Amino acid sequence: MASSHQTRFVKICPAQSGAMNNEHDRVARAELARRIARLGEATFVEHDPPGFSALDDSAQKTLFIPASTIDLAMARQLGISDESQIYGGVVPHAFVGSKVITHPLFQSSDAVPVGWHSELGAALAPHVLSGWSAFSVDAVRAAGLDLLKQGAIRLKEVEATAGLGQFVVTSPRKLEEAIAQLDTEAVARHGVVIEENLDNVITYSVGMTCLFGDLISYWGTQRLATNNDGATVYGGSTLHVVRGGFERLAGLDLADDLKQGIKKAIAYDAIVSKFYPDLMASRRNYDVAAGINSFGEIRIGVLEQSWRAGGASGAEIAAFKAFARDPELPAVTCATMEIYGEIDAAPIGSIVYYSGIDAVAGPMTKYAMELE
């Protein structure tokens, strides 16, 4: 890698929320850290290196892998001053790292967190689906009733991941049933997204990652899986990866809907960075939906951002490894898979991130592999 000599340690740092903390997430994240350390010829440490201090150069030589996007206060505590010290992202306020920033408020009187930019939602509107954000149950109800005039909607709890915490609503009665399942305190603290619902959806992943001075970008598709409780959840990603940043990705000869999705993700990234210039992110991943709305129209829009280690991270690291192995390789396709109900389900030659019986999720296998 280009600047691996500058990084001595790779270290997991704690999350600022309860997300991504099941056993399979912790084990997979530790394996990811080990593989990143190996890639950068660094040492993976589960605890602070000997003599570590954010006040000296120990932090400058450590790559941190947080479980979630962290805020500036935690970044300062860890000694992080630029994105080369983190696999993930640093935001000026915790809510900036969540999907709640994707849409404007339906009610301007809704209480919002400190640092909220009311103009951001309007600036993002051409690049996302129709929707609203809300920080009170009353605002969720009002926004939901308004958007139902345009067809089916989807309520999304901001802290939920992997496709969980979402409710498809087709009538005022269904809206009330969904609202009854929301935690009022969580709504006020984190917000709720109310968004148009699409059918026949393809979810694209559009991303750019910088690691040890090397830059890759990619587009990919996500797959769905049925978890051990029968719910439909994230089941993995296939990424088509090239060397270089978003400008390289935008120049690829791709299908029109995919090119449009890539352009929307790039625009989303630039707009949020303009409104929050303190944002630092070495991993910038965007979910982009392409589907059919209630009127039979094709709709394409960014759903949310991910500035942290995520489900596609194993494929990213496999791509970095392939590029390091062959300096002439222009592109590579890599994938991650999450299989529920089975252990030891990874094929020969794959990179296993987790295989076991999680106390919450049950039996499952998570792995990554290079496809081309």
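One-based numbering along the sequence shown. These numbers were taken from a predicted model, which means no experiment stands behind them.
- Under the 4.5 Å side-chain contact rule for hydrophobic residues, L105 and V140 do not share a cluster.
- Partner Y354 forms a side-chain hydrogen bond (donor to acceptor under 3.5 Å, both in side chains) with one of E23, R26, H24 and no other, that one being E23.
- For the atom pair CG (L279) and CD (E83), the distance works out to 8.5 Å, reported to the nearest 0.5 Å.
- When atom types are taken as modelled, the side chain of K259 and the backbone of L252 share a donor-acceptor pair closer than 3.5 angstrom.
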Quiz item: Are S217 and V242 close enough, and set up right, to give a side-chain contact (heavy atoms from CB on, under 4.5 Å), and what steps lead you there?
Solution: CA-CA 6 Å; S217 57; V242 296; 3.4 Å; yes
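- Note on ring orientation: taking the six-membered ring where Trp is involved, the planes of F246 and Y286 are tilted (angle from 30° to 60°).
- The shortest distance between side-chain heavy atoms of I101 and F95 falls below 4.5 Å.
- Judged by distance alone, the side chains of S205 and Q222 do bring a donor and an acceptor atom under 3.5 Å apart.
- Counting all heavy atoms, side chain and backbone alike, A178 lies closest to L155 at CB-CD2, 4.1 Å.
- Atom OG in S98 sits 9.0 Å away from atom NE2 in H190 (nearest 0.5 Å).
- Each of V128 and W132 belongs to its own hydrophobic cluster when Ile, Leu, Val, Met, Phe, Trp and Tyr are linked at side-chain heavy-atom distances under 4.5 angstrom.
- No donor-acceptor distance shorter than 3.5 angstrom exists from the side chain of N285 to the backbone of G207, with no hydrogens or angles considered.
- What you find for P92 and L72 is that their closest heavy atoms are CA-CD1, 3.7 Å.
- Between V193 and E304 there is no side-chain heavy-atom pair separated by less than 4.5 Å.
- A donor-acceptor pair shorter than 3.5 Å can be found between the side chains of Y218 and E316.
- Atom CD1 of I298 is surrounded by 12 or fewer heavy atoms from other residues, nucleotides or ligands within 6.0 Å.
- A 4.5 Å side-chain heavy-atom check between V272 and Q305 finds every atom pair outside the cut-off.
- Screening R154, K99, H103 against E195 for a side-chain hydrogen bond (donor to acceptor under 3.5 Å, both in side chains) leaves a single residue, H103.
- Within 6.0 Å of the CD atom in E119, the count of heavy atoms belonging to other residues, nucleotides or ligands exceeds 12.
- Of the possible donor and acceptor atoms, one in the side chain of S282 sits under 3.5 Å from a partner among the backbone N and O of G88.
- The shortest side-chain heavy-atom distance between P113 and H93 does not fall under the 4.5 Å cut-off.
- Follow the hydrophobic side-chain contacts under 4.5 Å out from V332 and you reach I351 in the same cluster.
- Of all heavy-atom pairs spanning C210 and L215, the tightest one is CB-CD1, 3.9 Å.
- Separation of atoms CG (L371) and NE2 (H240) is listed at 8.5 Å; rounding is to 0.5 Å.
- The main-chain N or O of D344 is found under 3.5 Å from a side-chain atom of S355 such that the two form a donor-acceptor pair.
- Side chain of T62 to main chain of F9: no donor-acceptor pair is present (N/O by atom type, distance under 3.5 Å, no hydrogens or angles).
- The closest side-chain donor-acceptor pair between S313 and Y353, if any, does not fall under 3.5 angstrom.
- Residues L211 and I36 meet the side-chain proximity criterion, which asks for heavy atoms closer than 4.5 Å.
- In terms of modelled atom types and a separation under 3.5 Å, the side chain of D71 and the main chain of A73 share a donor-acceptor contact.
- Looking at every heavy atom in both residues, A225 comes nearest to G235 through CB-CA, 3.8 Å.
- At least one donor-acceptor pair closer than 3.5 Å links the side chain of R243 to the backbone N or O of F323.
- With contacts defined as side-chain heavy-atom distances shorter than 4.5 Å, the pair T336/Y234 qualifies.
- Taking a cutoff of 4.0 Å between a charged side-chain nitrogen and a carboxylate oxygen, R141 and E176 qualify as a salt bridge.
- At least one side-chain heavy atom of L182 sits less than 4.5 Å from a side-chain heavy atom of F167.
- One hydrophobic cluster, built from ILVMFWY side chains closer than 4.5 Å, cannot hold both V168 and I194; they sit in different ones.
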Practice problem: Check the pair T209 / Y87 against side-chain contact (heavy atoms from CB on, under 4.5 Å), numbers first and verdict last. | Solution: CA-CA 8 Å; T209 301; Y87 177 73; 3.8 Å; yes
Quiz item: W116 and V100: side-chain contact (heavy atoms from CB on, under 4.5 Å), yes or no, with the steps?
Solution: CA-CA 10 Å; W116 181 270; V100 76; 4.1 Å; yes
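- Separation of atoms NE2 (H127) and CD (Q260) is listed at 11.0 Å; rounding is to 0.5 Å.
- A donor-acceptor pair is defined here as one N or O able to donate and one able to accept, closer than 3.5 Å; no such pair exists between the side chain of N200 and the backbone of G291.
- Residues R223 and T238 are in side-chain contact: their nearest non-hydrogen atoms beyond the backbone lie under 4.5 Å apart.
- Contact record, V233 with Y340: CG2-CE1, 3.7 Å, taken as the closest heavy-atom pair.
- For N197 (side chain) and V169 (main-chain N/O), no donor-acceptor pair under 3.5 Å exists by modelled atom type.
- Sparse packing is recorded around NZ of K174, with 12 or fewer heavy atoms of other residues, nucleotides or ligands lying under 6.0 Å away.
- A donor atom on one side chain and an acceptor atom on the other are found under 3.5 Å apart for D82 and S84.
- Under the 4.0 Å criterion applied to side-chain N and carboxylate O atoms, E31 and K366 are not assigned as salt-bridge partners.
- Rounded to the nearest 0.5 Å, atoms CG (L145) and CG (L175) are 5.5 Å apart.
- Side-chain N or O atoms of R308 include none that pairs as donor or acceptor with a backbone N or O of A67 at under 3.5 Å.
- Separation of atoms CG (L239) and CD (E370) is listed at 12.5 Å; rounding is to 0.5 Å.
- Between Y276 and H117, the ring-plane angle classifies as tilted under the 30° and 60° cut-offs.
- Connection of V302 to I202 is established within a shared hydrophobic cluster, with ILVMFWY side chains joined at heavy-atom distances below 4.5 Å, either directly or through further cluster members.
- In this structure, D256 places its CG atom where only 12 or fewer heavy-atom neighbours from other residues, nucleotides or ligands lie under 6.0 Å away.
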Practice problem: Would you please test V241 and F320 for side-chain contact (heavy atoms from CB on, under 4.5 Å) and show each step? | Solution: CA-CA 9 Å; V241 190; F320 274 114; over 6 Å; no
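- Taking each heavy atom of L78 and C13 in turn, the nearest pair found is CD1-SG, 3.9 Å.
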